[in-house]
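Notes to accompany the following structure.
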Amino acid sequence: MSVPHTPARIFRGRVADQIVEDLREQILSGALPNGSRLPSERDLAASYDVSAPTIREAIRVLTAMGLVTTRNGSRATVNAQGDTMLAMSIASVVQVEKVGAREVLGLLGALHGYAAELAAEQASDEEIERLREAAEAISRTTDNEALAAALYQFFATMAEISHNPLLAALCRFITEMQIGLAVKLSGGEGGDFGQIARSLQPGRMRIVTAVATRDPAHAAQVIRAYHLETIEKVRAGRQGEEEARAETGLSDALLSWLRTNVGLGGQVASHRSTLS
């Protein structure tokens, strides 16, 4: 199997890096579509006129970037999913820049506020009804695993009906982070996560009502108030700790969740893994 287009000319320098950039461009442009297999190492080496070890190095980099997946004995498969790449990037920035949990949760409140504004303006009546159904489904859950999944679905639905794909992708992953953090801080599956989350159900129904009134400013105000209440309830479980130590604990819990749920190659575990 040959490379879909004529490979870029390889100049002196880091040869593997140039191959990575050429293949990356083909993946992002759709010349190598999601789900397709890359040519074999032998074919790639012949196309680029380089050695097999150089191709293997390039494939390892693409895997770490979350653009391809590999299995022993099989050709690499293109795995260019926006949510996966975004998750890997956000997780890296949070860890490298030492971003605290407070900053992450504050960003989510702002993002959800904007999503609520757009939904109030642009969502159809049918989409708002889906949001209402997602909210009502939360109250019917019987265990914390199902509750975490239903919470995620509610906020993912609101992000989706904003009709802004980038905003929706950002909201989906940071919502996963928030739910994971809340579960960890409340003691995991056997902790009081369920009690806290269910106590916030009236706030979620107010969000739906606000979006349905088609008042963008009010919808944003309601959801930001919901986020503040959520943060306070989660932090209340850490009362008695010194403020600096409590803040460190929040950030440590966030980093622990990221290390568990976002791995090499951008593989992001399901939001249900927040209970593990």
Side-chain angles (χ1 to χ4, degrees), residues 66 81-116 134 138 141 144-160 162 164-189 191-194 196-197 200 203-204 207 223-224 226-238 246-276:
Q81 298 179 11
D83 279 14
T84 298
M85 291 185 284
L86 186 63
M88 196 68 175
S89 298
I90 293 174
S92 297
V93 171
V94 168
Q95 294 179 73
V96 169
E97 298 295 336
K98 307 295 188 293
V99 178
R102 185 188 296 271
E103 288 79 13
V104 171
L105 297 181
L107 173 61
L108 181 60
L111 292 173
H112 276 163
Y114 185 38
I138 295 170
T141 58
N144 283 355
E145 183 174 341
L147 175 59
L151 279 171
Y152 174 84
Q153 187 58 46
F154 171 73
F155 287 107
T157 299
M158 189 179 65
E160 177 190 344
S162 75
N164 182 319
L166 178 57
L167 176 63
L170 286 165
C171 287
R172 282 193 294 269
F173 180 62
I174 302 180
T175 295
E176 282 190 275
M177 293 169 65
Q178 184 205 37
I179 294 173
L181 184 61
V183 170
K184 277 187 171 293
L185 293 176
S186 59
E189 188 170 6
D192 58 1
F193 167 72
I196 293 172
L200 291 162
R204 289 185 289 269
I207 292 169
I223 200 164
R224 286 172 183 142
Y226 172 88
H227 273 281
L228 288 174
E229 184 181 5
T230 300
I231 292 169
E232 287 306 310
K233 284 182 178 289
V234 171
R235 295 184 68 201
R238 306 182 72 84
E247 195 66 31
T248 299
L250 286 169
S251 296
D252 287 347
L254 175 62
L255 290 175
S256 174
W257 184 87
L258 288 172
R259 293 185 184 113
T260 299
N261 290 276
V262 184
L264 182 65
Q267 183 177 3
V268 182
S270 164
H271 53 274
R272 297 188 182 199
S273 67
T274 54
L275 299 177
S276 60

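Along the sequence shown, the residues carry numbers beginning at 1.
- The closest donor-acceptor contact from the side chain of T230 to the backbone of Y226 lies under 3.5 Å.
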Practice prompt. Decide side chain to side chain contact (heavy atoms under 4.5 Å, CB included) for V183 and N144; before the verdict, give the C-alpha distance in whole Å, the side-chain angles of both, and the deciding distance to 0.1 Å.
Written response: CA-CA 9 Å; V183 170; N144 283 355; over 6 Å; no
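- Across every non-hydrogen atom of A134 and T157, the tightest pair is CB-OG1, 4.2 Å.
- Note that NE2 of H227 is 10.5 Å distant from CG of L200, once rounded to the nearest 0.5 Å.
- Here the CD1-CZ distance, from I138 to F155, works out to 7.0 Å after rounding to the nearest 0.5 Å.
- Within 6.0 Å of CZ in F154 there are more than 12 heavy atoms belonging to other residues, nucleotides or ligands.
- In terms of heavy-atom proximity, Y152 sits nearest to E176 at CE1-CG, 3.4 Å.
- Closest non-hydrogen pair, A101 versus L254, comes out as CA-CD2, 3.9 Å.
- Once rounded to the nearest 0.5 Å, the distance linking CZ of R172 with CD of Q153 reads 10.5 Å.
- Side-chain atoms of H112 and I207, non-hydrogen and from C-beta on, never get closer than 4.5 Å to each other.
- Distance CG/L181 to CD1/I174: 12.5 Å, rounded to 0.5 Å.
- Atom-to-atom distance recorded for L167:CG and E160:CD is 12.0 Å, nearest 0.5 angstrom.
- What you find for C171 and A115 is that their closest heavy atoms are SG-CB, 4.5 Å.
- Looking at heavy atoms from C-beta onward, R259 lies in side-chain contact with L255 at the 4.5 angstrom threshold.
- Considering every non-hydrogen atom in both R224 and A110, the closest pair reads NH2-O, 4.2 Å.
- Nearest heavy-atom pair, D83 versus A169, reported as atom, atom and distance to 0.1 Å: OD1-CB, 3.5 Å.
- Interatomic distance, CZ of F173 versus CG of N261, reported as 8.0 Å (0.5 Å rounding).
- Results of the side-chain contact (heavy atoms from CB on, under 4.5 Å) test with L170 over I90, T175, L107 single out I90 as the only residue that passes.
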